[in-house]
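Down below is the structure, laid out as structure tokens.
Ligands are counted one by one from 1 in listed order, and the atoms in each one are counted from 1 as well. For the single chain, residues carry numbers from 1 onward in sequence order.
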Amino acid sequence: MTTENRSEAQPERSTPTGGRLLAVSDLHISYQENRDLVEKLQPSHPGDWLLVAGDVAEITTSIEWALGLLAERFARVVWVPGNHELWTHPEDPVQLRGVARYEHLVERCRRLGVVTPEDPYPVWEGPGGPVRIAPLFLLYDYTFRAPGTTTKEASLAAAYESGIVCADERMLYPDPFPDRDSWCRERVRLTEKRLAACDPDVPLVLVNHYPLVRQPTEILWYPEFAQWCGTELTADWHTRFNTAAMIYGHLHIPRRTTYDGVPFTEVSLGYPREWRKRGLPDPLLREVFPQTAG
Ligand SMILES: [Fe+2]
Ligand SMILES: [Fe+2]
């Protein structure tokens, strides 16, 4: 799939005035309680956009159900894949692997009118805008290494030793790449070119399943898990590119932090066992704009 020759000069379609730019991730609708919550999600204004930062579900029909429902309700839905969408789950009738699975999901999204990382980056012209929304698919490359290790092999070995191993190792295939880190490096290369080609005068909202910097992973209960949470290759993107906000999920630790003056917001819902304990994020759909502009 080629992404290199697309023009980022124009948004695809005009936006109704007003509305908010909202974000959520990690809906994990294979849990019925989460599915019930998604069924209730509604825009508060006909111009509301929704950014969905990955981990909707594992099964293709479930992913389509949720994104289709949201696309009917919100003026625009922008999706990036999480690791769960990329699993080739034994219960999914779609048994495509790696790049072929990702491309299949992109195709399904396009049929639903959902914007993917393969589409031109749309421009939010509503309150707080204009900002260009850049949905990113970058994966991870094991460079957020386990404590005391300096190579991927040692980092993985430390994880296996502690028993903290991401299920991606069993279900997220990198085909046709030899490994997930090679796939990640190619995604970083392609994405960097696209971001560099964007008009620097229009600030970016970078949306990725993983944080672009390592710091948010420093509060993980199991530090070995960080190696499945991003890449050092993007550590300076929020300062190199004109970034108004960075939206991510995956960690299931909803919070907002600032790095070099750029707000990073973790917008996850998470598993029912997690949100039952700490309470639902309030509001569940986090406001990116106009709040960030204020
Ligand atoms: Fe998740
Ligand atoms: Fe995830």
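Salt-bridge annotation for Arg145 and Glu232: absent, with no side-chain N of the basic residue lying under 4.0 Å from a carboxylate O of the acidic one. Ion pairing between Arg185 and Asp141 fails under the 4.0 Å rule for side-chain N and carboxylate O.
Under 2.8 Å from the Fe ion (ligand 2), one finds the following protein N/O/S atoms: Asp55 OD2, Asn83 OD1, His209 NE2, His250 ND1.
Ring geometry for Phe177 versus Trp183: interplanar angle under 30°, hence parallel rather than tilted (30 to 60°).
Per residue His28, closest N, O or S atom to the Fe ion (ligand 1): atom name NE2.
Between Thr265 atom OG1 and Arg256 atom CZ the span is 4.5 Å, to the nearest 0.5 Å.
A donor-acceptor pair under 3.5 Å is formed between the side chain of Asp48 and the backbone N or O of Arg20.
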Give the intermediate values and the outcome of ring pair (Phe, Tyr, Trp, His ring centres under 6.0 Å) for residues Tyr142 and Tyr140. CA-CA 6 Å; Tyr142 305 87; Tyr140 52 81; 5.5 Å; yes
